[in-house]
Amino acid sequence: MTYTLEPLHIVLVVVALLVGIFLGMALRSGAKRRAVLFEERLRVSDADRSALASERDGLRAERDALDQRLTPLAAEVDRLKRAEAKRVAPIGVTEDPVAVRPATSLAGNDVRNLKGVGDRFAKALSDLGITGVDQIAAWSGADADVIDSQLGSFSGRIRTDRLVEQARLLHEGRTTEYETRFGALGA
């Protein structure tokens, strides 16, 4: 049995083929247009992210430069406070009331002295065996990373709150520099 195509069938097949091609092109052009728009938005986002990262790095460098300029000035202020306290200290007073004191005299070396460390964060640190400012002051960058990875919901706070830097300043008794960078102690 041979099958012959009638002209009507041929016309229907050609029409169906043309409709299919037209629909395919229409759908493809819409998807292509969306892909082009998405790629453009992605390029803009990448450029924005790069600009923000560059700005962040510039601000960090500026902060570090200001910190470098602050250190000798704060040390001089602390020295002048000690000298003034000795000059006006009453006879028989052996303790210098204004002198710079190490963190151990601040509420027993408690980690809550650090800005950004509240009761819950202090509890998380305590669970890891960290209870004193002196412990944090002794950390290297690798130590901070190891502890940070174990802090759960507080992960990232060691670096963002600059806890090691705070702890070192307090532990070394550099209170003027600490208060200039991070705010008044006990506030």
Asp145 vs Arg159 side-chain heavy atoms within contact, under 4.5 Å: yes

Taking atom CD1 of Ile147 and atom CD1 of Ile136, what is their separation to the nearest 0.5 Å? 9.0 Å

I'd like to know if the side chain of Thr160 reaches the main chain of Gly156, judged simply by a donor and an acceptor atom lying under 3.5 Å from each other, with no hydrogens or angles considered. yes

Under the side-chain contact (heavy atoms from CB on, under 4.5 Å) rule, what do Val117 and Leu163 come out as? Steps first, then yes or no, please. CA-CA 9 Å; Val117 178; Leu163 294 186; 3.8 Å; yes

Kindly say whether Leu151 contributes a backbone atom to a donor-acceptor pair with the side chain of Ser155 at under 3.5 angstrom? no

From Arg63 CZ over to Leu70 CG, what is the distance, rounded to the nearest 0.5 angstrom? 12.5 Å

Are side-chain heavy atoms of Val44 and Glu40 found at a separation under 4.5 Å? yes

Give a yes or no on whether a salt bridge exists between Arg157 and Asp148, defined as a side-chain N under 4.0 angstrom from a carboxylate O. no

Group every Ile, Leu, Val, Met, Phe, Trp and Tyr by side-chain heavy-atom contacts under 4.5 Å, then state whether Phe182 and Leu66 land in the same group. no

Enter the distance from Glu165:CD to Tyr178:OH here, rounded to the nearest 0.5 Å. 10.0 Å

When Leu17 is tested against each of Val19, Val14, Ile21, Val15 for side chain to side chain contact (heavy atoms under 4.5 Å, CB included), which residue passes? Ile21

Quick check for you: to the nearest 0.5 Å, what is the distance between Gln166 atom CD and Ile158 atom CD1? 11.5 Å

Looking only at heavy atoms, the pair that brings Arg168 and Ala137 closest together is NE-O, 2.9 Å

Arg174 side chain to Ala75 backbone, donor-acceptor under 3.5 Å: no

Ion pair present between Asp46 and Arg43, side-chain N to carboxylate O less than 4.0 angstrom? no

So, Thr176 versus Arg181: side-chain donor-acceptor pair below 3.5 Å or not? no

Shared ILVMFWY cluster between Phe154 and Val146, side chains joined below 4.5 angstrom? no

Between Asn109 (side chain) and Gly132 (backbone), is there a donor-acceptor pair under 3.5 Å? no

Under 6.0 Å from the CD atom of Glu55, do we count more than 12 heavy atoms belonging to anything else shown? no

Lys115 side chain to Leu185 main-chain N or O, any donor-acceptor pair under 3.5 Å? no

Any non-hydrogen side-chain atom of Val133 less than 4.5 Å from a side-chain atom of Leu114? yes

Could you check whether Asp143 and Ser140, counting side-chain N and O atoms only, form a donor-acceptor pair closer than 3.5 Å? yes

Considering residues, nucleotides and ligands other than Arg56, do more than 12 of their heavy atoms fall under 6.0 Å from its CZ? yes

Verify, without hydrogens or angle tests, whether Arg112 (side chain) and Gly118 (backbone) share a donor-acceptor contact under 3.5 angstrom. no

Atom CZ in Phe121, atom OG in Ser153: separation rounded to 0.5 Å? 9.0 Å

If you measure from the Lys or Arg side-chain nitrogens to the Asp or Glu carboxylate oxygens, is any gap between Arg82 and Asp78 under 4.0 Å? no

Hey, are Asp67 and Arg162 close enough for a salt bridge, meaning a charged N less than 4.0 Å from a carboxylate O? yes

Any donor-acceptor N/O pair, Asp57 side chain to Ser54 backbone, under 3.5 Å: no

